[in-house]
Number of protein chains: 2
Amino acid sequence: MTELGSSPKRKRLSYDDRRSEFVQKAIEFFAEEGFDSSTRELARRLGVTQPLLYRYFPSKDDLIAEVYETVYVQRWRADWDDMISDRSTPLRDRLIEFYTVYTEVVFQRDWMRIFLFAGLKGGDINRRYIDRVRRRILEPIVREWRNEQGIDPDALSDQEIELAWSVHGGIYYFGVRTEIYGQKPVAGLPFVIESSVDSLLIGLQRLNG
Amino acid sequence: MTELGSSPKRKRLSYDDRRSEFVQKAIEFFAEEGFDSSTRELARRLGVTQPLLYRYFPSKDDLIAEVYETVYVQRWRADWDDMISDRSTPLRDRLIEFYTVYTEVVFQRDWMRIFLFAGLKGGDINRRYIDRVRRRILEPIVREWRNEQGIDPDALSDQEIELAWSVHGGIYYFGVRTEIYGQKPVAGLPFVIESSVDSLLIGLQRLNG
DNA sequence: AATGCAAGTTATCGGATGATAATTTAATGC
DNA sequence: GCATTAAATTATCATCCGATAACTTGCATT
């Protein structure tokens with residue numbers, strides 16, 4: 001059943017179209033079945049033969065590397081930085097807005113599962129992503145708060161960052177519970193985001209009290 | 001390094017000793033290499049031949065089931081319930097003490113990695129564990145707080161539980177970052193626990209203000 | 001010392017997997 | 001309409017995997 005039954009005529013796609021189709025389906029496939037799943041099964045779901053994959057990717061690991069690249073680099077939104085640093089609105093509103101759109105990207109089953117699979121596989125993808133979160137999200141947040149308080153934005157402390165990590169982790173774990181473990185949320189995401197943001201702002205205040 | 005070439009004399013252990021040795025090593029092995037790793041490699045690390053495993057476990061899945069059982073049932077401490085509910089000490093102290101000993105158990109590389117592998121595999125182990133955390137940890141915590149406030153302990157709300165989940169998740173994610181992703185903590189675990197507990201108590205106060 | 005039995009090994013089967021080489025087939029340019 | 005070229009398939013290899021059966025060996029009992 002190469003062609004999914006209906007059309008016996010094989011489609012011949014251009015190199016680029018085929019390639020991006022492969023990567024896209026590979027994301028869904030590996031997210032659901034894990035990176036140890038076979039290239040044969042992936043090919044079957046694509047409606048093509050398995051050796052064809054090797055005309056587009058030198059090896060399975062190369063395909064996996066492209067999956068990482070596509071998910072984690074491509075889905076990171078450049079305007080997140082601006083949302084956090086836009087001083088025309090109160091910081092609390094900015095943070096609520098940011099985590100609302102951030103979780104729209106991150107709380108996707110494929111994003112989260114691939115992130116977990118990658119973490120267990122032991123490469124540096126997760127380490128690099130976590131570094132990026134700290135530098136592009138958490139440190140800017142703390143800096144914005146310090147600026148709003150009228151204290152030196154660049155004098156942020158380790159404890160302030162760790163506090164931001166706790167709050168960020170609390171929000172993230174909500175996504176893990178609902179998307180990965182299938183737990184029905186007892187209260188909605190908006191409540192979690194709002195109370196987490198408030199918790200962060202209060203915590204920062206207490207640290208600098 | 002039980003045999004590994006040097007000593008040609010095979011050790012002959014009793015059934016029970018051998019069995020628990022297999023389970024123990026299987027925990028380390030699967031935690032590090034994942035459940036898709038081969039029984040041959042596990043046997044090699046045990047210094048025995050692969051078919052011997054099948055004289056102790058009917059199938060690989062049965063061995064894996066025993067790994068789950070050993071890690072998640074055996075390592076759950078019965079006195080955790082008492083620690084949370086011991087009204088002879090202030091709730092804040094109780095919670096700090098509880099999360100100190102709880103994280104000593106949970107923040108182990110093998111515990112966390114097996115938990116993540118299991119979650120991605122799709123069984124109900126994680127769902128059951130999460131249910132247990134809610135019923136045996138989070139709900140008791142909120143009930144203790146309500147009792148301390150002189151309000152009906154059993155009238156706890158969804159928002160209170162979700163708040164407790166956020167704090168719990170924040171602490172848990174600290175363990176994931178340090179144990180799984182190898183991130184050096186910027187501030188220590190005691191700080192994270194204390195500020196998280198304070199954050200929870202303040203959050204509950206705000207919800208009932 | 002001989003015996004019984006379980007602990008442990010050797011040999012092997014059927015199937016799956018990543019990857020390669022050779023072959024076929026559809027689209028494009030002339 | 002025909003040749004060219006690249007897309008796609010068929011066939012295949014070496015290896016690995018879970019599992020089973022048959023054989024061997026160490027230890028306790030007598």
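Note that the structure is predicted; figures quoted are calculated from it, not measured.
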SB check R19(B) E66(B) (cutoff 4.0 Å): yes
Presence of salt bridge, K25(A) and E21(A), under 4.0 angstrom: no
Return the nearest nucleotide to the side chain of [X]; candidates are [options].
{"X": "Y15(B)", "options": "dG18(D), dA7(C), dT9(C)", "result": "dA7(C)"}
{"X": "R55(A)", "options": "dA19(C), dA7(D), dT20(D)", "result": "dA7(D)"}
{"X": "L52(A)", "options": "dA8(D), dA19(D), dT9(C)", "result": "dA8(D)"}
{"X": "P51(A)", "options": "dG18(C), dT9(D), dT12(C)", "result": "dT9(D)"}
{"X": "T39(B)", "options": "dG18(C), dG8(C), dG18(D)", "result": "dG18(D)"}
{"X": "V48(B)", "options": "dG18(C), dA8(D), dT9(C)", "result": "dT9(C)"}
{"X": "R18(B)", "options": "dG18(C), dT20(D), dG8(C)", "result": "dG8(C)"}
{"X": "Y56(B)", "options": "dG18(C), dG8(C), dT9(C)", "result": "dG8(C)"}

Tell me: [atom1] of [X] to [atom2] of [N], nearest whole Å?
{"X": "L13(B)", "N": "dA28(D)", "atom1": "CG", "atom2": "C1'", "value": "16 Å"}
{"X": "D62(B)", "N": "dT20(D)", "atom1": "CG", "atom2": "C1'", "value": "16 Å"}
{"X": "Q50(A)", "N": "dT12(D)", "atom1": "CD", "atom2": "P", "value": "15 Å"}
{"X": "E41(B)", "N": "dG18(D)", "atom1": "CD", "atom2": "P", "value": "11 Å"}
{"X": "L42(A)", "N": "dA19(C)", "atom1": "CG", "atom2": "C1'", "value": "15 Å"}
{"X": "R44(B)", "N": "dT9(C)", "atom1": "CZ", "atom2": "P", "value": "14 Å"}
{"X": "L53(B)", "N": "dT9(C)", "atom1": "CG", "atom2": "C1'", "value": "13 Å"}
{"X": "R19(A)", "N": "dA7(D)", "atom1": "CZ", "atom2": "P", "value": "12 Å"}

Would you confirm whether the ring centroid of [Y] sits within less than 6.0 angstrom of the ring centroid of [X]?
{"X": "F191(B)", "Y": "F174(B)", "value": "no"}
{"X": "F35(B)", "Y": "Y68(B)", "value": "yes"}
{"X": "W111(A)", "Y": "Y129(A)", "value": "yes"}

Sugar-phosphate, base or nothing in reach of S59(A), heavy atoms under 4.0 Å: sugar-phosphate
Sugar-phosphate, base or nothing in reach of T49(B), heavy atoms under 4.0 Å: base
Residue whose closest nucleotide on DNA chain C lies nearer the 5' end, S14(B) versus R40(B): S14(B)
Side-chain N or O of S38(A) closer than 4.0 Å to phosphate OP1/OP2 of dA16(C): no
